[in-house]
Structure formats: C-alpha cells, structure tokens
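What you see below is based on every heavy atom in this structure, not just the backbone, and it leaves out hydrogens, waters and symmetry mates. Residue numbering restarts at 1 for every chain, and letters A, B, ... go by the order of the sequence lines.
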2 protein chains.
Amino acid sequence: MTDSAYPNGRNGVPCLACPLRLKPAFKDKTDEEIRFIQAIKTEHRHLPAGSDIIHPGQQDAELYTLFSGWAFRYQLLPDGRRQILNFLLPGDLVGLQASLLSAAQHGIEALTEVELCVFPRKRIWDLFVHMPNLAYEVAWLGSREESLIDQNLTSVGQRNASERIAALVISLYRRAEALGLVTDGGFRFPLSQQQLADALGLSLVHTSKTWSRLRKAGLFAIAEGRLTLLNPRLTSRMALLYEREVAPRPLI
Amino acid sequence: MTDSAYPNGRNGVPCLACPLRLKPAFKDKTDEEIRFIQAIKTEHRHLPAGSDIIHPGQQDAELYTLFSGWAFRYQLLPDGRRQILNFLLPGDLVGLQASLLSAAQHGIEALTEVELCVFPRKRIWDLFVHMPNLAYEVAWLGSREESLIDQNLTSVGQRNASERIAALVISLYRRAEALGLVTDGGFRFPLSQQQLADALGLSLVHTSKTWSRLRKAGLFAIAEGRLTLLNPRLTSRMALLYEREVAPRPLI
DNA sequence: CGTTTGTTTGAGCCCTATCAATCTACGTGG
DNA sequence: CCACGTAGATTGATAGGGCTCAAACAAACG
C-alpha cells in the first residue's frame, strides 16, 4: 500500500506510468485520481495460464484490474456443463460483480499468463466516498461488461453456429483493436476449441467443424496462436450485427 | 422536482411512504437518503402494457425505478429475431446501462401496465457526488442485474428446453417471492408464449410443446394469468440449479 | 359474430449433439 | 534420437432435439 513511485518490483509498474492508460480506449485521469488508485493498489500479481482468479462461490473476493493477458468468466452446472460468460482483456475490471455481491455466482480463470493489479474489496467503498468520478467509472465499466454479456446472450439465443462464431470473432477483434493489440490485421488468439465451444453454447465437435468451414471460406485464418481477420466485411455480415456506435470508453 | 410531501398526484406516492421499501427484500434507508431520492425524482409515470420505455439506440435515456408492473429488456437482430435479456420486476432499476453508456444497446418494453419513478440522467452524477452509499447501491443493483443475465446466458447456452423453462420459472418465482407477490404458491404471470420463447432462445412451437408437457407433468399450473408452482422440488431439480445463497438485497 | 391475437397439435426435416476413431503437436523418459 | 503418452484438433457416422410449415383451436374484442 506504499505510495512511492518505483520503476517496478513487487507492485510492478507505478500507476502514474501505467502504459494501459495511454491507449486510445482509455479516458484521461487527473494526477489525484491516479495517486488514489496507486494508494489502494496492494499488489501486482502474476499468475500462470489456467489459474483460478476467482472460484465459484468465493466470498469477499478482491477486485482486480487485468494488466496483461486474457481471462474469462464462467458458470458451471451441477453436472459439469460450463458456460463461458465473457472474455476479459487488458484494462478490464476483474471481479467487480463478486466484490459487490460478496459471493461470486461465477468463476474467473486466467486464459493466458496474466498480470493483475490487486485492490482490496473494502477499498472500493473508499473509492465511492472519496472519488465519485472513479466510482462512476467503475459503474460505467460494470454496465459495459453487462452490455457485452447481453450481446453474447443474444448470440447464443438467436444466432446459428456460423453466425455465433462470426459475431464472437468480430467482437474480440474490435476489443483487441481498441487496445492496440492488432498488428497486420491479426491479434493473439489463445482460445482452445473447447473454450470456444463453451462460450458459444455449442458442442466441441460442431464448433470444430463450423470453425474450419469459416476458415476455408476465407473469413479468417489461424496461425501460431494468432487470428487474422481476412474478410471483415463478410464476417461482419455473417454475424448479423447492428452497426451501432459504441460509447467512448473511460477506464481505470 | 419539488421536495414537498404529498399524498399522491403528479408525482405519485412520496418516497418517504414508498411501499416498496417496506418489503423484506429492501434495505433500510436514512431519511436523508430518501429525501435526496425524492428531490431528484421528477415524475411518476404511468404507461400501458406494450409501451416502449427505452427504444434500441436511444440516446441519453432517463433512469427509472419500476414502481409497479413488469417489463423486459431485449435486443433485436437486423432480420427481426429478438432476444429477451431479462425481466424487470417492481423495485428494479430500469435503464441504468442506457444511462451510463449514453446509447442504449437494447430496448425496454412494458410487459404489463407499469408505473415508473423518473430520474433525469444528469442527476445520477449528483448522486455519485453527494450520496456515495446510494451510488454504491446503484452499482450493486447493476451487478445484480448482470448476475441475472449470467444465469440466463448459462441457461440458453447449456440447458435443454425443459431445463430452461424450469430454471426461468424458479427464478421468477423466487424474485416474486422476495417482493411479497406470491400468494397461495402462485403469482401473476403475464408472459405470452412468444415472449417466453424469445427469452429462452427457443421457437414458439417448441416452447408451447415443452411448456404444456411440464404442466402435464405437474411442475406448475397456469390459470387466469397466474402461475402456481405445484412441485418446487421437482422443478428445481429439473432446472439443474446450484443452490447458492443469494446476497441480501438493498434497493433504492 | 367476424376478426384478430395467441395457443395447441401434427408432420417432416435440418441443425446440432453424441459416439468414435484418427491425426497432429509436443513433451518426457529411456 | 526415438518410442511413448497426452492434449487438442479433425473427421465420419448416426441419432435426436428443436425448427419450420401448416392447420386447427381458443379467447378477446369491436
């Protein structure tokens, strides 16, 4: 909980120098806000791929910011079926719902190696008391996550297999793009087909077949763990997307 | 925006005497909090069933509290398919996501005749500045809604038709129960089968067949627009629910 | 009463699930 | 260096849950 500025170390990058905030997707912060964030940040945590960040039913989970890497939220049924609810990319809040509701209705797992900025649950309250603008952004981020889940629910409920895959690819592409993670029309794509299937609400086999059909149709390509969007127009059309402008995104 | 206490009239019930707050599901408020809410409430609005409360793409929507009646949030695909994202019951916030994100990614429609308490969008900010406890509850309610959508997404992605219906019935039953709307094991159930189908991600025909099969199996009964849960145990088992305690619910 | 809106039921087909086997990549140990 | 084991991806065959088409039925309404 030290406030000192340090190049790195236990607490990683100082918030004042946080590279995430420089990305186009992120809203400017005042020095006061950044210092407050720095003050309540207790740790900069590294976890390997596959780690449980929050396990289902966990009480009083901490709040995190995803500094680097990918994660996903999921829910399990008693018989083992799993639904992946949404994917978390750098800059996303991790565990807000679990923090506010005090008992997590879901789990969160690291999809790749991740770095997390750790904020104790109790401090969220301080933030609401002392930093209303930051509190407002927390609420904003919560609503934005809900909006993403809305879209996934619409996908799973109304779109067929091809349309679901196209919609997911477009959605992830746009998010990666907003974070400056897209180079040469492609970005790191660390999902296994089982994870894809669980996110799409499809079986593994059908996911594999549809996935490869869309690749052969030239919509996108996979190589070396990267996805390259070869035909954005066609992919977007197949996804049956409404082209609605998304609000500009402030982020902690 | 008057602060006066009145028995009813243009602004309906004064917040100090709001009957909703007396229900077991609602958290106590201080007089100061209630007066603040009263002060920013601009209208008590009545709308008939089927009204658009927020239309898809709407800018700068107002924020509402659902005082009475049911509503639902939905998303449309360009070809007309509709996904109902969640149902809104008395006491729920209406349009938080639309207010925070400034452009609604969804629509909200009155399912029955409704009464809404109207709060102007700009005042939400005042609430964050002056009433951190209320702001925290707004965020809490946002997370609670997200949790409901998570469960719907899991349902639509992983459960078959019977399981989905059972899960929806149980979920609505519990929410109605927490609001004291259940009498004689039943509650008002104003959904058409088309709305059910759009919420479940099933076709109208298949919804009708499965719905009547579960009724004939004795899980629940429909009469005079009311649903009576005849066999909660069996319904709950069919829904493949995890029995996890839900957090106590504060509400504005 | 005719009309409209919503519900029910039957028939046939297709999309997706399931089962099963093969293939590939990759890491480990002999 | 190569045999082997494991995890993930791919492909074929078959079955079933859910969709679509279509028509009958019921209830609400002017």
Examine distances only and state if a side-chain atom of A:Gln83 and a backbone atom of A:Ala199 form a donor-acceptor pair shorter than 3.5 Å.
-> yes

Hey, is the main chain of B:Leu240 close enough, under 3.5 Å, to the side chain of B:Arg159 for a donor-acceptor pair?
-> yes

Roughly how many Å is it from [atom1] in [X] to [atom2] in [N], rounded to a whole number?
X        : N      : atom1 : atom2 : result
A:Gln194 : D:dA7  : CD    : P     : 13 Å
A:Asp79  : C:dA17 : CG    : P     : 15 Å
A:Trp211 : D:dT10 : CH2   : P     : 10 Å
A:Asn160 : D:dG18 : CG    : P     : 16 Å
A:Leu202 : D:dG18 : CG    : P     : 14 Å
B:Ile165 : D:dG17 : CD1   : C1'   : 13 Å
A:His206 : D:dG18 : NE2   : P     : 14 Å
B:Leu200 : D:dG17 : CG    : P     : 18 Å

Please confirm whether the shortest side-chain N or O distance from [X] to OP1 or OP2 of [N] is below 4.0 Å.
X        : N      : value
B:Gln193 : C:dT8  : yes
A:Arg215 : D:dT10 : yes
A:Ser208 : D:dT10 : yes
B:Lys216 : C:dT9  : yes

Among C:dT16, C:dT7, D:dC21, the one nearest B:Val205 by side-chain distance | D:dC21

Closest to the A:Ser212 side chain, choosing from C:dT9, D:dT11, D:dG18 = D:dT11

With a 4.0 Å cut-off, would you call B:Arg237 and B:Glu163 a salt bridge?
-> no

Under-4.0 Å salt bridge between A:Asp92 and A:Arg144 | yes

Take the angle between the ring planes of A:Phe187 and A:Trp70 and call it parallel below 30°, perpendicular above 60°, tilted in between.
-> parallel

Give [X] one of three labels, base, sugar-phosphate or nothing, depending on what nucleic acid heavy atoms sit under 4.0 Å from its own.
X        : value
A:Ser203 : base
B:Arg164 : nothing
A:Leu204 : nothing
B:Arg213 : nothing

Does the base of D:dG17 carry an N or O that pairs as donor and acceptor with the side chain of B:Lys209 under 3.5 Å?
-> no

